[in-house]
Amino acid sequence: MRSLRRDRFDPAPTVWRYRLERLMLTPLFRVTLRVGLPFALVFSAASLWVSVPENRAAVSLMVADLRAQIESRPELQVKLMAIDGATDAVAEEIRATLSLDLPVSSLEMDMARLHAMVEAMDPVQKAELRIRQGGVLQVDIVERVPAILWRSEDKLELLDVGGARVGPAGPRHLYPDLPVIAGEGAKAHVAEALDLYATIGPLKPRLRGFERMGDRRWDVVLDRGQRILLPDSGAQRALERAIAMDQAERVLAQEVVAIDLRLGRRPTLRLTPPAALTLWQVKQEQAEKGAQE
Amino acid sequence: MIELYESQRAMRNMRRAAMQRGVVAILDVGSSKIACLVLRFDGSEPISDDGIGSLAGQSGFRVIGAATTRSRGVRFGEIRTMAETERAIRTAVQAAQKMAGIRVDHVIACFSGAEPRSYGLAGEVDVAASTVDEQDVARVLSACDMPDFGHGREVLHAQPVNFALDHRSGLSDPRGQIGNRLSCDMHMLTVEAQTIQNLAHCVKRCDLELAGVASSAYASGISALVEDEQELGSACIDMGGGATGVSIFIKKHMIYADSVRMGGDHVTSDISMGLQVPMATAERIKTFYGGVVATGMDDREMIETGGETGDWEHDRRTVSRTELIGIMRPRVEEILEEVRSRLDAADFDHLPARQIVLTGGASQIPGLDGLAAKILGQQVRLGRPLRVHGLPQAATGPGFASAVGLCLFAAHPQDEWWDFELPADRYPARSLRRAVKWFRENW
């Protein structure tokens, strides 16, 4: 019988080596060893380190430091604000609204919020904000153009074509070119009022304003307390008709309080009380004269 | 009879499990080398236009690892020293696994020795219904008269070779046919149980599961015989190191297998004794200069035997190739004569084709086919194993015929007795099938 001890030159693997090799060739074990084990090691080491409060504090401090360092870099600083397309007053108002404490880091600026703030302002129709080269906050403004004066209950305000508020107005005589509107719901129908204003032509020197009646139709208010009552539809045509009547027969130069065009087929004139009395007397005299004959 | 096949059934289940995992190892435990191939079964491969897969559909697998190691502890194709063999198996399996890059758990093994004996069995039974069904096949198989093959032997193969229904014979699958009397012929191969147990023990010690055992004569017959040879009746002679396997095939079934307990190692030991050189030198001389037919030229071809003894005269000896052939030829003749007697015993002369295919490592001796033709008959050729996918070039030689055959066996095993279902009356009591049968018979 041969020696029970193994040859030194035996090429065969030992039992344990053979088993280890087989284990290493097991796919699941290999995946575990290659992926699972490093992951578990790193994860456990990281969680062990994080579990110490000083380490967490150090990390947050380091992050804050780093952030402050980056934010305070001169390349990222916004030093100036340039406002284009706005009048001085509006520009001042924008500066006051944004109230930026320049210089400030561009990382800290919330452009969307600033943009919303600027666009929310009354005189601004459209705004574009961007940070220009050289640390300049460029604000491009398109201002609202005041198109009409709106007399509300206690104050006079400027509105643009769309009826949006532009701002408070000063005394009336500062805006000789703008018509005045008043009445319930006038603000929502600025366009109609502007159309009427464009039509008014020869009556312009006498015009005091347009009044919205019952949020339904317009009255043209002239001086001497005269009014032209317009229907709720076809107001422009009716106004043209009133102007034609005036030019043909100088109606408005007479003792007339109002021209009522609300019923298109039956325009009505309302006379002043003395004129009405005179008319009544004249008619009576004519009647008496007719009776005598 | 049922207990006898329990282990075989268990191995079949193991093989099925291995197929599902897709990886199985092939282990050829030979006397001179142990070869291990790792197969990967990757499902069905695409069938080509003509409807036949490559290698006639034999190739559902791919060899992904192959390793060979010098065999130790195996004599005459039987395990003699368990620990040595176990180590050799471990070496081969580890190297093959390493090449494959995957762990294998199931192994199908073959060996050549253990005194195989063939038995032809016949059984006959009445068909229960009008048509033959699987139960009838199972009954006719279990109706085969079992020979007394002796104590301590185990059935290695039991393959139904032929079915006959009434007067019609030569049916390969009688199911669904109409007839009255079904008979079958079966070929049974028994080997010494001890050898299988030793092999199973060695495999188990290597943390592997035995998923099948085959005779290496059968395996090399599958791989070395081409299809028409298997069909028309041929013998495959697997000349291994310690044993020479003989298997006879007809109609694609093995009908006879035997083994001669002589092989290439005996030729080597003859050279070693005759020339008084160590076995390793004798093996080298045999492989480099060996032959069986001497010519005049061989008288002048001198072979240096070499040596490390330090004796100058002894280390500088030369022999002529004629002398070498003179030593080798009688032994080879003896082996072939022995094979001849086995073939005669099996009535090989009555087969239609009588083709003889020589394979195995020892069949590479130059001039062997001429010598074999003189002894065995005219139709002798040297066979190499079938080409299978992924087989390394080093493992395509005739020495790997049984390993490659075992691959084919693993991929497409022939039906054995234990693959058929048990007849109903052999089922254990309280079986549902038995209850169904009782109902059928009584209502």
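Order of the sequence lines fixes the chain letters, A, B, ..., with proteins taken first and strands second; residue numbering starts at 1 for each chain. Both backbone and side-chain heavy atoms feed into the values below; hydrogens, waters and symmetry mates do not.
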(message) Could you tell me if the side chain of A:Leu25 sits less than 4.5 Å from the side chain of B:Gln94, heavy atoms only?
(response) no
Exercise for review: Flag yes if more than 12 heavy atoms outside A:Phe29 fall under 6.0 Å of its CZ atom; otherwise flag no.
Suggested key: yes
key: Polar side-chain atom of B:Arg90 near backbone of A:Pro13 as donor-acceptor pair, under 3.5 Å   = yes
Heaviest contributor of heavy-atom pairs below 4.5 Å to chain B, chosen from A:Arg30, A:Arg17, A:Arg19, is A:Arg19
Exercise for the section: Give a yes or no on this: more than 12 heavy atoms of other residues, nucleotides or ligands lie within 6.0 Å of atom CD of B:Glu304. Expected result: no
Is it the case that atom CZ in A:Arg95 sees more than 12 heavy atoms from other parts of the structure closer than 6.0 Å? yes
Output for pair (A:Thr26 OG1, B:Asp105 CG), nearest 0.5 Å, gives 7.5 Å
If you tally heavy-atom pairs under 4.5 Å between each of B:Lys98, B:Arg103, B:Arg205 and chain A, the highest tally belongs to B:Arg103
When you look at NE2 of A:His115, are more than 12 heavy atoms from neighbouring residues, nucleotides or ligands closer to it than 6.0 Å? yes
Taking every heavy atom of B:Leu208 against every heavy atom of A:Arg22, the minimum-distance pair comes out as CD2-NH1, 3.4 Å
Rounded to the nearest 0.5 Å, the CZ atom of B:Arg87 sits from the OG1 atom of A:Thr14 at a distance of 10.0 Å
inquiry  = Please determine whether the number of non-hydrogen atoms from other residues, nucleotides or ligands lying under 6.0 Å from atom CZ of B:Arg261 exceeds 12.
reply    = yes
- request: Apply the test side-chain contact (heavy atoms from CB on, under 4.5 Å) to residues A:Tyr18 and B:Val93: give CA-CA distance (whole Å), side-chain angles for both, the deciding distance (0.1 Å), then the verdict.
  value: CA-CA 9 Å; A:Tyr18 172 77; B:Val93 169; 3.6 Å; yes
